[in-house]
Asker: 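Before we start, here is the structure in question, set down as C-alpha cells.
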Amino acid sequence: MMQAVLHDRYGGPDVLYLGRVPRPEPAAGEVLVKVHAFSVNGGELAARAGRLRLVTGRRFPQRVGLDYTGEVAAAGSGVTRFAAGDRVWGVLGRRAGFGSAAEYVAVPAERVGRVPDGLGLVEAAALPVATTAVTALRDKAGLRPGERLLVRGAAGGVGNAAVQLGRAYGAEVTALARAANLAFVRGLGAHEAVDHRGVRPADLGRFDVVLDTVGTELRAFRRLLNPGGRMVTIAFDLERPAASLGYLAASAVHGRGRVRFFSGEPKREHLDDLARHVAEGKLRPAVDTVFPLEEVAAAHRALEAGGVRGKYVVRVAA
C-alpha cells in the first residue's frame, strides 16, 4: 500500500485527503517511480471541482497530480533505458489521467525522461509542464527570431517557461501578468511586461505569435495578429466551455489566423529536449512555494487564489 491524494466528491480544495491505495507494479514496458515531488496544475483544479465531469465521470475516489519527479524504483520487463536509482521526470498522459500525487506511480518508459544533472528533484518539479511551452512555440507556432511574441498568463507554470524560451528563440517578448508579478516576468527575460488588468487587448499592438494560457477573450487576442500571425492556446473558457470550444473550431475556417488549441502530451523526446534547454541555460525552474504532501489542499487553494509566480510544488519524499 502507499499514500495518495484522493477525493470522494467534486468540490473545493477541502475535499482532498491523504488516503491509502495499492502500490502499482510496473507492467511490461513501464517503470515504477518513487515520487519526490509534483506540481499543481490548473487542469486538475478544474477536474477536482467537477468542471470536467463529462470526462472524469462520477466514479470515486478520484486522484490528482499530473506531473512528477522522482527516482526509478523498479523497471518492468523489456525496459533497458532505465535502472533503479535513475532520477526521472515526466507528465502522465491523457489516457492515464491524474494520479502523480502519490508515493509511487507506474509510467510507460516512453513517457519518462532524465532530470538534468545539477537540478534538485523538488525544484525540477516546476518544469515538466514546460514541455507544453516548447511544443506551443516551436512546433505549433513556429516562432522565429525577430518576431513579436505575446504571452498571456506569463507568470504561471507554462507562461513563465514561454517567456524564457521566447527570449531564447530570439523573439521580442511582451508578457501579460498581474501588476505584482511584472518585475518577476521581466526577470525571466520579457522585453515588456504589462498589467493585464490595466490594458485592453486592442491597446497592446500587433504580434506575430500569441500564446494564451488563460482561455478567455480569444477573439479579442486573435485580432492582434499580424498578417501570417499564429495564435496558440492551451486553455478554453471553463465558464462557457461550449461557446469557447465552438469558437476554437470555427477559427480554423473563418477569419484571419487560426487559433491552435492543444493539450500537452509529452513523450521522452519532448522531455529530453526540455532537459537540453535547461543544460544550455535557456530555461530555469521557477518555484513559488513548496508544500508538504499533507498540505496539498493548501497548494490547490493557493493556485485558485491567483498570483502564482512559476509553480506551486508539493514535496512527497525527502
Side-chain angles (χ1 to χ4, degrees), residues 5 7 10-16 37-52 64-67 98 101 123 125-130 132-133 136 150-164 166 173-190 192-201 203-204 210-218 220-221 232-241 244 261 263-264 285-292 295-314:
V5 179
H7 59 103
Y10 293 125
D14 291 340
V15 303
L16 299 175
F38 61 90
S39 75
V40 181
N41 298 278
E44 62 189 299
L45 301 191
R48 186 217 66 226
R51 293 177 178 175
L52 304 178
V64 297
L66 179 64
D67 53 37
F98 301 108
E123 63 175 340
L127 282 177
V129 297
T132 300
L150 175 67
V151 179
R152 189 175 178 219
V158 174
N160 89 85
V163 170
Q164 296 181 66
V173 183
T174 297
L176 278 181
R178 291 188 176 198
N181 291 336
L182 297 184
F184 169 70
V185 294
R186 288 192 192 99
L188 297 173
E192 183 178 9
V194 180
D195 177 7
H196 74 94
R197 294 179 175 176
V199 65
R200 298 179 305 168
D203 296 331
L204 291 168
V210 174
L211 173 57
D212 172 76
T213 70
V214 181
T216 59
E217 299 184 273
L218 297 179
F221 283 93
V232 180
T233 183
I234 62 168
F236 59 89
D237 190 346
L238 290 171
E239 299 299 327
R240 301 187 307 132
S244 184
F261 170 73
S263 176
V287 178
D288 185 304
T289 307
V290 178
F291 295 83
E295 294 182 15
V296 65
H300 274 233
R301 197 174 297 114
L303 186 59
E304 286 186 339
V308 63
R309 296 181 181 182
K311 297 290 289 182
Y312 291 122
V313 170
V314 178

Asker: How close do L52 and G43 get, counting heavy atoms only, and between which atoms?
Answerer: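 Residues L52 and G43, closest heavy atoms: CD1-O, 3.9 Å.
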Asker: Apply side-chain contact (heavy atoms from CB on, under 4.5 Å) to the pair R309 and N160, showing each step before the final yes or no.
Answerer: CA-CA 8 Å; R309 296 181 181 182; N160 89 85; over 6 Å; no
Asker: Using side-chain contact (heavy atoms from CB on, under 4.5 Å), reason through F98 and N41 one step at a time and then give a plain yes or no.
Answerer: CA-CA 11 Å; F98 301 108; N41 298 278; over 6 Å; no
Asker: Are the side chain of E295 and the backbone of P292 linked by a donor-acceptor contact shorter than 3.5 Å?
Answerer: no
Asker: Do F221 and T233 come within less than 4.5 Å of each other through their side chains, counting heavy atoms only?
Answerer: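 No - every pair of side-chain heavy atoms lies 4.5 Å or more apart.
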Asker: Could you tell me whether the side chain of R301 reaches within less than 4.5 Å of the side chain of D14, counting heavy atoms only?
Answerer: yes
Asker: Tell me, do R152 and V210 make a side-chain contact under 4.5 Å, heavy atoms counted?
Answerer: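 Heavy-atom side-chain distance check fails, nothing below 4.5 Å.
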Asker: Would you confirm whether D67, through its side chain, and S39, through its main-chain N or O, come within 3.5 Å as a donor-acceptor pair?
Answerer: yes
Asker: Got a second to check how far T174's OG1 is from L204's CG, nearest 0.5 Å?
Answerer: 7.5 Å
Asker: Does some side-chain heavy atom of V163 sit less than 4.5 Å from a side-chain heavy atom of F184?
Answerer: no
Asker: Hey, what do you get for CG (L176) to CD (E192), rounding to the nearest 0.5 Å?
Answerer: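 Reported value, rounded in 0.5 Å steps: 9.0 Å.
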Asker: So, taking the atom named CG in L211 and the one named CG in L150, what distance separates them when rounded to the nearest 0.5 Å?
Answerer: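 Nearest 0.5 Å value for the CG-CG distance: 8.5 Å.
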Asker: Quick one: closest heavy-atom pair of A297 and L16, and the distance?
Answerer: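 What the structure gives for the nearest pair is CA-CD1, 4.1 Å.
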Asker: Should F291 and V313 count as side-chain neighbours, where that means a heavy-atom distance under 4.5 Å?
Answerer: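 Side chain of F291 against side chain of V313, heavy atoms only: no contact under 4.5 Å found.
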Asker: Between V185 and A193, what is the shortest heavy-atom contact and its length?
Answerer: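 Nearest pair, atom of V185 first, then A193: CG2-CB, 3.6 Å.
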Asker: Can you sort out the partners of R48 under salt bridge (Lys or Arg N to Asp or Glu O under 4.0 Å), two or more places apart, ordered by chain and number?
Answerer: E304
Asker: For V40, is there any backbone N or O sitting under 3.5 Å from a side-chain donor or acceptor partner on K311?
Answerer: yes
Asker: To check you understand the geometry: which heavy-atom pair defines the closest contact between A299 and V314, and what is its length?
Answerer: CB-CG2, 4.0 Å
Asker: To check you understand the geometry: which heavy-atom pair defines the closest contact between P13 and H300, and what is its length?
Answerer: CB-CB, 4.0 Å
